[in-house]
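Written out below as structure tokens is the structure these notes cover.
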Amino acid sequence: MSPLSGSLGAAEARGPWGLLIRHPWAALAAALLLTLGFGLAAQKVEPRFEIEDFFPRETPARLSYERTQDLFGRDDRAGILLIEAPARLGSADFARIHALTARVSSLSMVEEVLSPTQIALPTRDPSGAIALTPALPESLPLEGLSLADSERLHRELGGPPYEGLLAGEVCLVAALMHEDQMGFGERSELERALEEEATQLRAEGYRVLLAGYPIQRVVLARLARDESRRLLPWTLVLIVVLGAIGFRSPAGALLPLLVAGGAAVWTTGLMSLSGLQPNVFGAAVYVVVAVVGVADGVHLLARARELRHTGLGRVAAGHQALVEVGPACCYASLTTGIAFASLALSDLPLVADMGLQVGLGVAAALGLSLLLFPVAVIYGTREASGEAREGALGRGVLALDTWAAKRPRAVAIGFLVIGLAAALSASRLQSNSPLLSDLAEEHPLRQANRLVEERLGGAIPLEILLEPQLGAFPYAPERMAKIDALTAELRTWPEVASVSGPVDPLRRLAPLLDTAPVGSASQHAVTEEEIPSLMPSALLLAEEQIKPWVAADADVMRIRLRLRDVDTRRALLLFERIEGRYREVLGEDPSGKLTGQGYLAQTVNAAIVDHFARGFVIALLAVAAVLFLVFRDPALALASLLPNLFPVLCLAGLLPLLGIELRYTSALVLSIVFGIAVDDTIHLLAQHGRQRRLQGQDALGETLRVAGPGLVLTSVLLGGGFGVLLLADFLPLRVVGQTLGVTAGLALAADLLLLPALLRLLGRD
């Protein structure tokens, strides 16, 4: 079909693309009905922010963590109020905390509350039985807490096993949730209740911060949601403005907006129907879907506009644009969808679900773009005026190619030099994932963790499992003494904020474990050397008091640590050092013995980065495979990889200069950047293949004239639109905003300059 056949009408359009252009209102109705249906399904979606989803399946670390949870209970169910008084906590302060503890205990999702006024101390009655007796009565006398009782609390809570509850003017109240009531709704309700208590205490002059894993997950989920709701609409507004300026038509302004917004609804509905739940990558999923949706619509509109400048009518230009650009949109969506869906092969649930969600979103964006484009191009574009002329963008791209065509070798060498410089800078990129690193330094959660680290023994949990040895008595005095020695040594390490081991509660219980009657002549003071041998007696007489350190049914013990908020490198070195000392002191194999969320959070960062790296390799192979199947040219498929690698390599070199470390957020951005580059490359090569079939050789200039305007407008809209995310407080969104604009420009340069240079050097033009 000649691009000058301006008299083409809707009835003359044939084939699947013709079906769309002949029935624009039917396509629009289908889009609206599907959006309505997916919107209803989307209402049933609930976010999932579980720490377990970060951890690889079936690894020794994951299995040890699950075993620890089975033996000792979950370590992620404590919502915490950190209370700091103007002076050392006294009688009136403890009375307020006692009343607060009672109110929090009455919450339906709370199993028990740990607070300075709620502790139970071990005592021995005249019959010899050991029981836990509340340190304070349930109801305080009218005159309040006595000075003696106040000082007693400070004294009793000064060391293991109660350290971390009280330190001078600082204390914490921890609400432990029922393990079967830890859904997102229950966590949100607990967070609201604790915030109400905090507000009341602040009015009375206390500094109060919320902390704990249930609170962190609610806050992070709400922050990601609120940031997306606050900034993504402005992103879409800017895309509308840039589209209106670039296309000077209602279609140019509204089509990218409708596709990006509608694709988000479709994606959420498809997630609901397929049983997927939004997770911490949710904002990134919608960013990628918006990128793809905007790109498809812009490429179609850009080509239709260029065709209008040659004299074609709206219907003819729309049909011709679908014929020329529609297949490329399908190829690009296919490769992007395959690249992200391949992440489903990951054994990280978080990454696997994110890959499937993006795959669904890419398909949704493509479907919406194709359904909405006919109405947009026929009823949303201006009539061509004046004589037929070439579009300004087409002329500009063609002029750039005229210059570059004379020096393809120099262009390739220039990109090679830039790539080598980026690779050199990328070698300084470090993997690091400090606690709550996606939040600003002054965020209340980070302040809370610093306060816990400085005053209450640390906030990052690490555990060392002490499994029984085959054929040996697990509580032998010699082994217990070695465990106590290892515990004492760990207390001296600078990365460790606090440690408690199974021998520590024995020290408090020692006076009660002598079976001789109280006051008898046979009763004697237990020496320090004898304390490790008291474990069998404690299992018989005081199992409840040692349960946090000993799972008697399985004969498993644990050492509980709280780490300082160190970077990933120091944390991994610490883990290796602990395993080495475990082997030297106990003479046992340490493999699989380290566990806890502090251990998994640091080790999983490297795993997530590795999984994204593997997904990136799969994406490269998918792109090469699709290009080979479409164009049947191995050299062309291989040459296409370099323009896609260039912006990713430049971004990796840019991250250290921006002070951004490599963790799951920045690794994800690398995948997004690759998706942008792949999209443009496929549009260019698909058009190149078509022009070669139409013209034979010397097709590159025409290819760039036809496809170049779409590439330029896509890059401008994406770079400008997502630059709004620089205003985000949530670091992942800010990283996207910092990098997408720059890398969209790099990807455009690689496709307009490097790819044509490689094709010319390979003799493909």
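- Between R303 and E324 there is a salt bridge, since a side-chain N of the basic residue sits under 4.0 Å from a carboxylate O of the acidic one.
- Residues forming a salt bridge (Lys or Arg N to Asp or Glu O under 4.0 Å) with E191 (at least two apart in sequence, or on another chain): R222.
- When side chains are defined from C-beta on, H683 does not count as touching Y331, because their heavy atoms never get closer than 4.5 Å.
- Between atom CG of residue L370 and atom SG of residue C330 there is a gap of 5.5 Å, rounded to the nearest 0.5 Å.
- Paired with L255 under the rule side-chain contact (heavy atoms from CB on, under 4.5 Å), one option of L300, D296, V298, L372 passes, and it is L372.
- In this structure, CD in Q69 is found 10.5 Å from CZ in R77, a value given to the nearest 0.5 Å.
- Here the CD atom belonging to Q357 is positioned 5.5 Å from the CG atom belonging to L276, to the nearest 0.5 angstrom.
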D353/Q277 under side-chain hydrogen bond (donor to acceptor under 3.5 Å, both in side chains): CA gap, chis, key distance, verdict:
CA-CA 8 Å; D353 288 352; Q277 293 176 286; over 6 Å; no
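- You'll find the side chain of L752 reaches within 4.5 Å of the side chain of V712, heavy atoms only.
- Listed by chain and number, the residues in a salt bridge (Lys or Arg N to Asp or Glu O under 4.0 Å) with E189 amount to none (sequence neighbours excluded).
- A side-chain contact (heavy atoms from CB on, under 4.5 Å) with F646 holds for exactly one of L651, L755, L746; it is L746.
- For residues 650-659, no pair satisfies side chain to side chain donor-acceptor pair (under 3.5 Å), with sequence neighbours left out.
- Here the CG atom belonging to L713 is positioned 9.5 Å from the NE2 atom belonging to H299, to the nearest 0.5 angstrom.
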